[in-house]
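Structure record follows, encoded as structure tokens.
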Protein chains: 2
Amino acid sequence: MYESLALEHSSTVDRAAEVLRQALFAGDLAPGTPLREIALADQLGIGRSSVREALGVLIAEGLVTRIPHRGVVVTELDPAQIHDVVAVRLVLETAGAHAWPGATDEARGAVRASMADYRRLAQVGAPARQITEAHLAFHRSLVALTGSRRLVAVADQVSAEIRLALAHLDRLRLNAVEQVAEHQALLDRLETGDTEGVASALVAHLDDAETSLVQTLYVAEP
Amino acid sequence: MYESLALEHSSTVDRAAEVLRQALFAGDLAPGTPLREIALADQLGIGRSSVREALGVLIAEGLVTRIPHRGVVVTELDPAQIHDVVAVRLVLETAGAHAWPGATDEARGAVRASMADYRRLAQVGAPARQITEAHLAFHRSLVALTGSRRLVAVADQVSAEIRLALAHLDRLRLNAVEQVAEHQALLDRLETGDTEGVASALVAHLDDAETSLVQTLYVAEP
DNA sequence: ACTGTCTGATTGTCAGACAATCTTCGGACG
DNA sequence: CGTCCGAAGATTGTCTGACAATCAGACAGT
């Protein structure tokens, strides 16, 4: 009963930012869509200044972009940006994998737990969005192996960008079970200390992710 | 004359944020100092809403911290945070060093140029603050080898945190020439493809930086 | 010395206002 | 026919003023 009370304490701005964030992740707002301050203030029932602050939060997260005197629009990731995001993930997760031997038991346990979660959801045939969450949680847990608050924060940020890009891709149909196997193999290599194998598996996996994302976004339909 | 004008064309908020940022880097504001919105609005001659937005920018950069209903204070880095910052730098710069062979000629040239700049300033006996700038620029150029916009942005952010921590340390008297030699050795190893040597040199250098920073901050004077 | 309360200061939020700037649209002009 | 121009409307950027909620410190009572 103590914790629940603590969580209620959120500001108007935080709540507004969260509502908008979820709308973005849900794909309610297509990339390029302008977010009008007054309209949002009316819809959310809050003042324009609060909307402005909430947008500032989302801008800092890279989910939306401010164009001076023209407003805020939902960020669109072009192939170059996707490549950049993948490059960041590669660096972060490689660092995480490298830190496996020296990581805390908790951090290693979290990797195993998120993997188990991921596999379970995929086998049960859970909704795609849920599987994606578990998938991203696994990658996050890799970065958490470094034990660095800041690196995890960066991972969360790029993760949010990916979620945004994924929001409009019901088309992105990957073989979930196969994907799970790929990740399980990665974890196995971690467990056996096959650092080299982990690194190459990461490169391969992220490379795959990039090409399939870019293809789905920019080849199948312009 | 074009650039200067371009810089003038910034918003009130951007200018306010920049003024505060420079004040922080100059050490005008000690860690823990509260930044009062009304006072700042008066001093800067702008509205409270603009001050609020500018503070939001600095909060996103980690230079100041908002405590709900209590205001914004200049961030203080405890040893754990310093360690975290160093960990991030190690990851980023290792990634940069790793990317040396595949980096663009421009990126490699930038590393050489910043090194030359750094050495020149140290030999001439330039003011410490200027040498520090060159030093940080060199490390930034390492990260830029990755070619990733986002990684460089992260590097800039932690660099800003370091600048803030350094702002109050006129005491931190390092042998500039010796430092330069250390960095030059690192660059030499990059040029000769001694990846292993680069990695260990980076670890050593950053480790040194961390211990001397922590010592100066927390041992010499509580 | 401990505790409850009061007061002043500060933040969080809103509403309204207005200049500056952007977009749009229709018309003038070459 | 296409381009350029200007007016109208919309939107942002910024300021001012306001007020409830919350916090810090003083103060008084036990």
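The analysis underlying the following values was restricted to heavy atoms, covering all of them including side chains, and did not include hydrogens, waters or symmetry mates.
- Remark: B/Ser11 is not in phosphate contact with D/dG13, judged by side-chain N or O atoms under 4.0 Å from OP1 or OP2.
- Taking atom CD of residue B/Glu53 and atom C1' of nucleotide C/dT11, one finds them 16 Å apart after rounding to whole Å.
- Among C/dC22, D/dT12, D/dC15, the nucleotide with an atom closest to any side-chain atom of B/Ile46 is D/dC15.
- Between B/Ile67 atom CD1 and D/dA21 atom P the separation is 23 Å, expressed in whole Å.
- Look at CG on A/Leu40: it is 13 Å from P on C/dC14, rounded to the nearest Å.
- Side chain B/Arg48 to base C/dG12: a donor-acceptor pair is found below 3.5 Å.
- When all heavy atoms of B/Ala126 and B/Ile131 are compared, the pair lying nearest together is O-CD1, 3.4 Å.
- Rounded to a whole Å, the CG atom of B/Asp42 is 12 Å from the P atom of D/dC15.
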Test salt bridge (charged side-chain N to carboxylate O under 4.0 Å, His left out) on B/Arg21 and B/Glu18; report intermediate values, then the result.
CA-CA 5 Å; B/Arg21 207 178 285 122; B/Glu18 183 58 25; 2.4 Å; yes
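- Considering only side-chain N and O atoms, A/Thr12 lies nowhere under 4.0 angstrom from the phosphate OP1 or OP2 of C/dG12.
- When each of C/dC14, D/dT12, D/dG13 is scored by its nearest atom to the side-chain atoms of A/Ile38, the top-ranked nucleotide is D/dT12.
- The listed nucleotides are C/dC22, D/dT14, C/dG12; the one nearest the side chain of B/Arg66 is C/dG12.
- Positionally, the nearest nucleotide of DNA chain C for A/Ser50 lies more toward the 5' end than for the other of A/His69 and A/Ser50.
- Annotation for A/Arg48 and A/Ile38: closest pair CD-CG1, 3.8 Å, computed over non-hydrogen atoms.
- Counting any heavy atom pair closer than 4.0 Å across all strands shown, A/Ser49 reaches a base atom.
- With B/His205 as the partner, the side chain to side chain donor-acceptor pair (under 3.5 Å) test is satisfied by one option alone out of B/Arg89, B/His139, B/Glu210: B/His139.
- Taking atom CD of residue B/Glu37 and atom C1' of nucleotide D/dG17, one finds them 15 Å apart after rounding to whole Å.
- Listed nucleotides: C/dT11, D/dT14, D/dC23. Nearest to the side chain of B/Arg70: D/dC23.
- Ranking C/dT10, C/dT13, C/dC22 by closeness to the B/Arg36 side chain, first place goes to C/dT10.
- The CD atom of A/Gln81 lies 9.0 Å from the OG atom of B/Ser148; values are rounded to the nearest 0.5 Å.
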